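Everything numeric here is computed off the predicted structure, so don't read it as measured data. Below, chains carry the letters A, B, ... as their sequence lines are ordered, and counting in each starts from 1. The figures that follow rest on heavy atoms only: side chains count, while hydrogens, waters and symmetry mates do not.
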Amino acid sequence: MRDSLSDELLGWYDVHARDLPWRTGPAARAAGERPDPYRVWLSEVMLQQTTVPAVKSYFAAFTTRWPTVADLAAAEDGDVMAAWAGLGYYARARNLLKCARVVAAEHGGTFPDSVEGLRALPGIGPYTAAAIAAIAFDRPATVVDGNVERVMARLHAVETPLPTAKGELTALAAGHTPEERPGDYAQAVMDLGATICTPRSPACGICPWREPCVARADGIAATLPRKLPKAAKPVRLGIAYVARREDGAWLLERRPDSGLLGGMLGWPGSDWGEAPEPAPPLDADWQDAGAEARHTFTHFHLRLAIRVARAPVDAVPERGMFIAQGDFRPSDLPTVMRKVFDLARAELTD
DNA sequence: CATACGTGGAC
DNA sequence: TGTCCAAGTAT
């Protein structure tokens with residue numbers, strides 16, 4: 001389907017498109033250059049629930065270290081997890097590697113160019129499949145992310161709360177998707193949502209869709225989309241154990257592949273709950289570090305008590321493994337574990 | 001369909 | 001300090 005709205009938005013995009021590292025600019029495309037599907041895929045996965053400023057340095061690091069999907073497929077798991085550390089939602093990194101290996105081994109290093117083919121790959125859901133198909137292969141796929149939901153809810157004054165309204169908003173979005181320049185159109189709607197049709201205070205005065213926007217006419221743009229109230233976050237407690245060997249090595253463990261912080265390096269510790277049981281990973285003289293690490297996850301607040309100890313060079317831990325001082329980089333840790341390290345290091349550094 | 005899954009910035 | 005929010009996916 002096609003309507004004049006998409007033309008107006010594309011006209012705006014031609015002038016106001018942001019210059020982002022994973023984009024192929026208008027000049028390059030005019031010269032016949034297409035975006036690299038690998039870079040489009042990598043950027044889209046990184047951008048899932050994550051802001052552009054947070055993604056930029058990670059995208060640069062990944063593309064420098066692993067310039068092609070074949071390079072990434074050949075990487076060590078631990079290296080990729082370490083490179084993703086701090087970006088969050090670590091299942092993305094595990095699926096990124098799985099996906100790269102499937103593309104390298106089963107697709108000859110070439111990404112599928114259809115929504116269905118892309119959708120079958122690990123870590124690629126409805127949004128990402130449509131985004132890659134549209135942006136990398138110029139397929140007329142309908143891209144629906146949080147921006148598109150917000151823009152459609154306002155353009156058509158949809159007052160049904162999310163997530164109930166999701167289907168209706170998707171159908172509305174599909175009705176506007178043009179056959180021409182679908183990749184630019186997809187990025188244009190998302191740019192519009194990110195820069196003009198923002199969640200709290202939309203800049204309706206300079207919006208290319210200000211005339212047709214029903215919510216603006218009704219004076220309710222800033223109140224849309226409506227959302228069901230969120231559940232309160234409970235507080236969980238835990239204990240983290242930071243041990244340092246006399247030779248400077250640190251006792252860390254690789255977390256199980258599934259669940260919270262799956263596949264990441266972390267400090268051994270108790271379960272996280274209402275009344276955690278002590279679970280020292282090593283027989284040692286554990287001392288309270290005197291400060292707790294506080295961290296908020298998507299669905300709970302965490303307060304981690306910190307115990308520190310020094311261990312002899314022949315110490316044999318019951319859990320985890322000692323990592324030599326020279327091999328340990330705090331930047332390899334997920335943020336909550338880095339907070340623990342920052343609080344514990346003063347007690348264990350001479 | 002509901003829930004689990006991170007983090008940092010804006011207000 | 002607390003809440004909301006961001007280019008979602010897997011189960």
Distances under 3.5 Å only, N/O to N/O: pair up the protein atoms with those of nucleotides 8-11 of chain B.
{"from": "B:dG8", "atom 1": "OP1", "to": "A:Thr335", "atom 2": "OG1", "distance (Å)": "3.4"}

Picking from B:dG6, C:dA6, C:dG8, which would you name as closest to the side chain of A:Thr298? B:dG6
Check DNA chain B against residues 124-141 of chain A and give the residues with a non-hydrogen atom under 4.0 Å, in numerical order. none
Nearest to the side chain of A:Arg150 - C:dA6, C:dA10, C:dG8? C:dA6
Donor on one side chain, acceptor on other, A:Gln48 and A:Tyr127, under 3.5 Å: no
Tell me which nucleotide among B:dA4, C:dG8, C:dC5 gets nearest to the side chain of A:Lys230. C:dC5
Quick one: salt bridge (charged side-chain N to carboxylate O under 4.0 Å, His left out) partners of A:Asp342, sequence neighbours excluded? A:Arg338
Using atom P of each nucleotide, how far apart are C:dT11 and B:dG6 to the nearest Å? 14 Å
What about A:Thr50: does its side chain form a donor-acceptor pair under 3.5 Å with the base of B:dG6? yes
One thing to verify: whether A:Arg39 and A:Asp36 come together as a salt bridge, which I'm taking to mean a side-chain N less than 4.0 angstrom from a carboxylate O. no
So which nucleotide from B:dG6, B:dT7, C:dG8 ends up closest to the side chain of A:Val336? B:dT7
Do the two ring centres, one from A:Phe297 and one from A:His295, sit under 6.0 Å apart? yes
Hey, is CG on A:Asp247 packed in by over 12 heavy atoms from elsewhere, all under 6.0 Å? yes
